[in-house]
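Naming convention: chains lettered A, B, ... in sequence-line order (proteins, then strands); numbering from 1 in each chain.
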Amino acid sequence: MAGYIIKRLLSAIPVLLGISIIVFVIMAMIPGDPATAILGSYATPENVEKLNRDLGLDQPMIQRYFIWLGNMLHGDFGRSFSLNRAVLDEVLERFNATLVLAGTAFVICSLLGVAAGVISAARQFGLADKLITFVVLLGISIPSFFLGMMMILIFAVDLRWFPVSGMWPIYGDRDFTALIRHLTLPAIALAVVAAGVIARLSRSAMLEVLRQDFIRTARAKGVHERSVIWRHALRAAMVTIIPVLGIQAGFVLSGAVYIEIVFQWPGVGRMLVDAILTRDILLVQGGVVIVAACYVMFNIVVDVAQSLLDPRIKT
Amino acid sequence: MSGFFKLLARNRLALGGLIVMVAVVLLSLLTPLLPLANPDVIDTANRFKLPLEGTALLGTDHLGRDLLSRLLWGTRLSLAVGFVAAAVAATLGATIGIVAGFYGGKTDNIIMRGVDMLMAFPYILLALAIVAALGPGLMNALIAVSAVNIPFFARNIRGVTVGIAHKEFVDAARLSGMGDLRIIATEVLPNVIPVIVIAISTTVGWMILETAGLSFLGLGSQPPQADLGSMLGEARSALITNPNTSIIPGAMILIIVMAINLLGDGVRDALDPRLKSGALSRPMPATRVDRKAPIPTASDDALLALRDLHTQFHVKGRVYKAVGGVDLSVRPGECLGIIGESGSGKSVTALSVMGLVASPPGVITGGAVYYQGQDLVGAPYETLRRLRGDSVAYIFQDPQATLHPLYTIGDQLIEAVRVHHPKGKAEARAHAIDLLKSVRIPNAEDRINSYPHELSGGMRQRVGIAMALANDPEVIIADEPTTALDVTVQAQILSLLDDLRRERGLAIIFITHDFGVVAQLCDRVAVMYAGRIVEEGPTEAILNTAAHPYTARLMACVPELGGGRRRLAAIPGLPPGVDQLGIGCAFADRCDKVQPACRAADIPLAPLRPGQKVRCIHPEPARPEAVA
């Protein structure tokens, strides 16, 4: 197992390099003089000169890439000109808030999605199946930002069950209950779309598995139907469902940007949008690389989970 | 093509989606012709008017602009951007996928590496990075959204292309001197188009959502031009005071995307061959029972007795009579063989006993199965479940598929015990080891921790037998348990079953198409043809003096070691389809002794000699020399 984890970690290196190349290429598409373009409205002569020196912008592309890569490996992601702060510090601080939001949403959408898919498949063509199918269709069709806005209207403004926005109360203690109260609406709004996708795929994975011969064997053994569904069938279906969870994690992590805007959540997505609008390119670049790298790492966790679940995978 | 539309029309939800989509598209095409107010004229005196208040039908926004007009123009823009993004992503993605899949090798490797890298990004993050570089704007948002969807198309279409690129017709085209471009255009493209259509139909909704999302963030369409997303984004600041300005564009996005998704599901169902047959339905815990005729009574003291059992498959209005009135019985310690060709209904008969026929499409339409005098066919599910595995156990063919691949054989054995007899884990485990030993699995203590894929076919089959024995059942139904095995293993397993029968007084129903196996193990044999028993009697009598022409012909097909220069006579023709059985003898069309009377009326299973029954009006005479 340890060997497999190391192998997967090593295989992440080319992916991470690939990500850095893609980000670098995208940023190289910026038209005009790089330093001026990167600095945008902060392009004072001193800043331009400093950036040229830091990034080696007077040098050819290939060299610039390696300078940039080397700097990143030393933890130097440059300086945000709009915030006048090191990019890494800002991103890490914001990323914490995003992880709380996206992590909660991911747990919600995984549990809800898989459960809904299993129930839907077990009651195929029944009332529960039709109901779930309809709710799922609604879930995957509604823009998460619109859903979030409607949830604010209903649950925060009308019913006053939850605060309208933010991560912490403006006055009062920053304790766990306060966080949960602030987290509930945005986490659910963020989870809904992914939960719908997971439920759909879980349903079809379960239907596929329920037709297999080993399910008939379990029934022939006299296993309770509940156990046939939730133990035998779900265990086999998880092999198909887990990679989907991995993909959905990416949607939740990056889709958090909408929810962070709607709910004024101090996360990395909102930071990126602000950075794009103020043309703070270095902040965008650093944020994108760090979030993408975390997602790559998360996918290794998914692969390891998959190998634990399926003994047929050679570890 | 007309079949495609028919399928689509049959799906009412998809049709609903199609109608809504057509309406929305028509409306947005007609928008410039409609007598609408100018969507960009600011009238701050009339801001935040509610629908029907004042002149504007849907009210006005925070700048006093006509909401209906803005909604229709915004819809037009959103749809246009969404469809263009989908078209661009599909074209570029398909091209990349076809090139990678068609050329393979290094080209494929390099392209797919790049695609994998792009897919390693969280989707929206990549779009944000692209917009960051190009700057906010609707065109740039369109580029970003189509760019992040290209990998999805490329990967899907590459997969299909790889499959096609090695097909014979592509090789033939190559040999005939066609150029690569022409082969791609004439041979590959027509075959990948359905996949492209499915991929578009499942992603265009996403793309509309994503562009709306970027506009919502202020990174897409820039004022005063507005798509649905930026309308929502602008309205957000007045969400609490004037929710209707948010609800109107938001609901429009929801309606459009929902209609597209419904339509997309319909398109996928109509185009995907796997779904076309409607095969993706789950079998219920027990076979559906729908008995119209009176239920036959238990007639003798047999342990297990099937009485006039009818099991059918109802598929798309056709009725397949897999089992058409079967009577069978076994006593304790007896072994009954059921023999017949594939498709003769022997497995369905066996599975009907415990309600294990997959349903849908299976239905038990008549008859009864008496176990110790209790009718199992009409029994409630819980009664059936208690008997399954505990009193009546199954051994299935092909243990590769019939054992759960992700649980150890130990776990599966322990479960079989504990589901009927509450025992401690350790005790159940010890019992499981004993079971493995009783089927002569070496190193049972170690083997118990193996997964099915770690065992050989013969070992897996023994595990299947051990599992059937777990609760010391009264009856074992073995459905071709040795068919997948080689001859030596087969012999071992047969003698194992025979020993168990003698030691434990098991009743065995043994299903096979192999006369050798029957001769070795069975006391009595029933021969099945087209869902009915055509002959039944003691094994010896059937083997020596087969009375039904079908049995006689079936045995003439069996080669014999040292059998001399006897001609192996295949039976001409095929068994009749069980969805179109006529009256009279089902074997009539293949029988060389057929008379008009054979097809005139139903032929009963009548006693011929002591213990031997046959469903034939011209039974073969007793000819002991025939099998000498």
Side-chain angles (χ1 to χ4, degrees), chain A residues 15 18-19 22-23 26-27 29-30 121 124 137-138 140-143 145-146 149-150 152-153 157 204 207-208 210-214 216-225 228 232 235-236 250-251 253-255 257-258 261-262 272-273 276-277 281 284 288 291-292 295-296 309-312, chain B residues 113 117-118 120-125 128-134 136 205 209 212-213 216-219 232 236 239-240 243 246 250 253-254 257-258 261-262 280-283 285 354 356 358 385-390 393-394 396 398 401-407 415-416 419-420 451 453 467:
Chain A
V15 179
I19 282 176
I22 290 170
V23 172
I26 290 174
M27 292 308 156
M29 295 191 307
I30 301 172
Q124 195 191 12
L137 178 72
L138 210 59
I140 61 169
S141 304
I142 197 165
F145 40 93
F146 180 55
M149 287 161 74
M150 292 302 106
I152 290 178
L153 270 185
V157 177
S204 60
L207 286 178
E208 193 77 48
L210 280 168
R211 291 156 57 226
Q212 305 282 323
D213 285 348
F214 59 80
R216 190 184 59 195
T217 309
R219 285 178 172 155
K221 273 159 59 171
V223 174
H224 295 267
E225 187 61 15
V228 169
H232 288 255
R235 175 75 187 263
F251 276 86
L253 189 62
S254 58
V257 55
Y258 303 125
I261 296 277
V262 170
L272 282 177
V273 173
I276 294 171
L277 290 173
I281 299 297
V284 177
V288 170
V291 175
Y295 178 56
V296 170
L309 197 80
D310 190 346
R312 292 168 300 182
Chain B
R113 270 290 154 80
M117 297 290 174
L118 284 173
F121 269 95
Y123 190 74
I124 299 158
L125 199 62
L128 286 181
I130 295 173
V131 173
L134 300 177
L209 273 184
F216 172 79
L217 298 175
L219 307 177
L232 199 54
R236 195 174 64 87
L239 170 67
I240 294 169
S246 298
I253 302 177
L254 175 61
V257 177
M258 197 152 153
N261 283 337
L262 280 173
L280 264 189
S281 63
R282 80 177 191 112
M354 282 285 136
L356 289 171
R385 188 195 65 73
R386 279 175 202 280
L387 291 172
R388 284 176 180 177
D390 197 26
Y394 282 86
F396 295 108
D398 186 14
T402 54
L403 292 175
H404 198 295
L406 305 180
Y407 288 113
E415 184 191 35
V419 75
H420 294 295
Y451 288 95
H453 71 277
M467 204 140 78

Trainee: Measure distances from P283(B) to the heavy atoms of chain A and classify the residue's part below 4.5 Å as side chain, backbone, both or neither.
Mentor: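 Both backbone and side chain.
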
Trainee: Does any backbone or side-chain atom of Y394(B) lie under 4.5 Å from a heavy atom of chain A? Answer side chain, backbone, both or neither.
Mentor: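 Answer is side chain: those atoms of Y394(B) sit under 4.5 Å from chain A.
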
Trainee: So which part of L387(B) gets closer than 4.5 Å to some heavy atom of chain A, the side chain, the backbone, both or neither?
Mentor: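 Neither part; nothing is under 4.5 Å.
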
Trainee: If I measure from the heavy atoms of chain A, does A358(B) come under 4.5 Å with its side chain, its backbone, both, or neither?
Mentor: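 A358(B) has no heavy atom closer than 4.5 Å to chain A.
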
Trainee: Sequence neighbours excluded, which residues qualify as salt bridge (Lys or Arg N to Asp or Glu O under 4.0 Å) partners of R388(B)?
Mentor: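 Scan of R388(B) (salt bridge (Lys or Arg N to Asp or Glu O under 4.0 Å), adjacent residues dropped) gives none.
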
Trainee: At a heavy-atom separation under 4.5 Å, does L403(B) approach chain A through its side chain, its backbone, both, or neither?
Mentor: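 Backbone of L403(B) only, per the 4.5 Å heavy-atom cut-off to chain A.
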
Trainee: What part of F121(B) lies closer than 4.5 angstrom to a heavy atom of chain A: side chain, backbone, both or neither?
Mentor: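 Backbone plus side chain of F121(B), per the 4.5 Å heavy-atom cut-off to chain A.
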
Trainee: Counting only heavy atoms closer than 4.5 Å, note whether I261(A) contacts chain B via side chain, backbone, both or neither.
Mentor: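 Both backbone and side chain.
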
Trainee: Based on non-hydrogen pairs under 4.5 Å, which of V15(A), V157(A), I19(A) is most in contact with chain B?
Mentor: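 Ranked by contacts with chain B, first place is I19(A).
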
Trainee: Considering only heavy atoms, which portion of M258(B) lies under 4.5 Å from any heavy atom of chain A: side chain, backbone, both, or neither?
Mentor: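 The answer is both parts of M258(B).
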
Trainee: Parallel, tilted or perpendicular, judged at 30° and 60°: which one describes the rings of Y258(A) and F216(B)?
Mentor: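 If you compare the ring of Y258(A) with that of F216(B), the planes turn out perpendicular.
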
Trainee: Would you sort out whether N261(B) and S141(A) count as a side-chain hydrogen bond (donor to acceptor under 3.5 Å, both in side chains), showing the intermediate values?
Mentor: CA-CA 7 Å; N261(B) 283 337; S141(A) 304; 3.0 Å; yes

Trainee: Is the NZ or CZ atom of R312(A) both under 6.0 Å from the centre of the six-membered ring of Y451(B) and within 45° of that ring's axis?
Mentor: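 The answer is no, since R312(A) fails at least one limit relative to Y451(B).
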
Trainee: Quick one: what part of A393(B) sits under 4.5 Å from any heavy atom of chain A, side chain, backbone, both or neither?
Mentor: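 Neither the backbone nor the side chain of A393(B) comes within 4.5 Å of chain A.
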
